[in-house]
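Reviewing the structure listed below.
Here is the naming used below: chain letters follow the sequence lines, and residue numbers restart at 1 for every chain.
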There are 2 protein chains.
Amino acid sequence: MSSTARGARARARMEVTAAIKDEARRQLAADGAAKLSLRAVARELGMVSSALYRYFPSRDDLLTALIIDAYDSLGAGAEAAHREVADAGPVRRWTAVCEAVRGWALGHPHEYALIYGSPVPGYTAPDTTVAAASRVGLLLIGIARDAHQGPGPVRPPLPAGLRPEAERMAADLAPDLPPETVTALVAAWAQLYGLVGFELFGQFNRVVEDRETFFRHAVTRLAHGVGLAQEC
Amino acid sequence: MSSTARGARARARMEVTAAIKDEARRQLAADGAAKLSLRAVARELGMVSSALYRYFPSRDDLLTALIIDAYDSLGAGAEAAHREVADAGPVRRWTAVCEAVRGWALGHPHEYALIYGSPVPGYTAPDTTVAAASRVGLLLIGIARDAHQGPGPVRPPLPAGLRPEAERMAADLAPDLPPETVTALVAAWAQLYGLVGFELFGQFNRVVEDRETFFRHAVTRLAHGVGLAQEC
DNA sequence: ACACATTCGAGAGCACTGCTCTTGCTCTGG
DNA sequence: CCAGAGCAAGAGCAGTGCTCTCGAATGTGT
């Protein structure tokens, strides 16, 4: 309420801020993060470049805002896709989330590159981003949790050296899941983005043609690896 | 022979070209691709910026040269690591190659970002790069080939929709391997870089601590997934 | 051995970038 | 109502990629 009613001044500020982000997002989608120019954004909005610094203290701050929005957009897309199959089995839900990630990446390549490609220049992930960044991960953890309600099949035992780390990760991420599952989950989480990145960044050129089918199969096997399937 | 004896002119050109690339690589390693500046390279080399254009027609061409060198450096590192365990079993060789990739990435983060992060701005992969880029992939294929000499365990059958694509990939990449294996191989290949990228780009911060152990375990499971182990 | 042609380095210059500082105008809270 | 805060505008600095021109050094053909 205070955010909307607190004066016309504040409202105008919000609107201009949103307009700047929108135009910046347009340029980001069109030409990539490297060619995003504060001056061009200002020009397109009919203001002078120095005026823009009242809203974002630097170009990197603008990019950081776009990064957070991108994480949120990706997370919202994944959550929406998950919601549509909320009643299905774990594997189906898992692949739905994975395919939502892939779909979002293909639809927003430059934004994906911004958050999962190389961090722009000096790469510092402010703590503000971690909440937005973990939405997809939380979704995947939730699916694994639901699948492990009953006494699941025993995973291959962890090597002795990994056990402390696996238990630490489990305690941090999902105390109700066995460390073997959490370890597999974290690995699958990273591997998912390997698949998406390779397709998006052209590494699959002249290698994989029917990428959608290939991806669906690969993430299905990922789901099996995490132990989401009935039998192993 | 002609490359060395063909006049002092050509030799000087080679030397200057190499000096430019070396200095550019230094700046790349120090500050990342975004901050690589032709003028700064020229300044450091004691020449004027316009002179540099006699050797590289644009900044992007310089970056392309660095990309090819990076692929070659990574490939050479992986091959060297593989050579040292050439007599070991397939899983051992597989993990050795994977760990070499990880080690190279940690040692050359900005160069890794250049080739496996977001392609710089306009991202066009010239055909010149594909040979250098496929060295690690060929290594992994070779390991799988050696492991599948005898009649290996039957992989879970491919879904019907993937079969044509799997057979096409197998025909292109490794006609002597079963399509199931080739499919798993390509997926594992991409997933490997997902693991490396997540560690390198900070996605594992506050998630995975003992990254070396985690990575070794993850790529071992990757090897099992490709069918390199004795029993499944 | 000489003249020609090619290659190269240097400098000036253009259009662009991120960012700062100062100058005024406008709007708002007490 | 009016002092002070918020804001846009302009000039300006240092840096960038890239182009063009102009001498000078250099290698080559006759």
Does OP1 or OP2 of C:dG11 have a side-chain N or O of B:Ser50 closer than 4.0 Å?
no

Please work out if B:Leu36 contacts a base, only the sugar-phosphate, or nothing of the nucleic acid, heavy-atom cut-off 4.0 Å.
sugar-phosphate

Do A:Arg168 and A:Asp172 meet the salt-bridge criterion of a basic N to acidic O distance under 4.0 Å?
yes

Does A:Arg59 put a side-chain nitrogen or oxygen below 4.0 Å from OP1 or OP2 of C:dC19?
no

For the side chain of B:Arg39 and the base of D:dG17, is some donor closer than 3.5 Å to an acceptor across the two?
yes

Within the 4.0 Å heavy-atom criterion, would you say A:Ser49 contacts the bases, only the backbone, or no part of the nucleic acid?
base

Tell me whether A:Glu23 is salt-bridged to A:Arg26, with the criterion being a basic N under 4.0 Å from an acidic carboxylate O.
yes

Does D:dG6 have OP1 or OP2 sitting under 4.0 Å from an N or O in the side chain of A:Tyr55?
no

Without decimals, in angstroms, what is the distance between B:Leu52 CG and C:dC8 C1'?
13 Å

Which is more 5' along DNA chain C, the nucleotide nearest A:Arg43 or the one nearest A:Pro57? Just name the residue.
A:Arg43

Go through the N and O atoms of the side chain of A:Arg54 and the base of D:dG6, and report whether any donor-acceptor pair is under 3.5 Å.
no

Report the nucleotide, chosen from D:dT16, C:dA10, D:dA9, that has the shortest atom-to-atom distance to any side-chain atom of B:Met47.
C:dA10

Measuring from the side chain of A:Ala40 (C-beta onward, heavy atoms only), which nucleotide among C:dT17, C:dC19, D:dC18 has the closest atom?
C:dT17

Verify side chain to side chain donor-acceptor pair (under 3.5 Å) between A:Ser58 and A:Asp61, making sure each step is shown before the conclusion.
CA-CA 5 Å; A:Ser58 81; A:Asp61 289 87; 2.6 Å; yes

Quick one: sort the B:Tyr71 and B:Tyr116 rings into parallel, tilted or perpendicular, breaks at 30° and 60°.
perpendicular

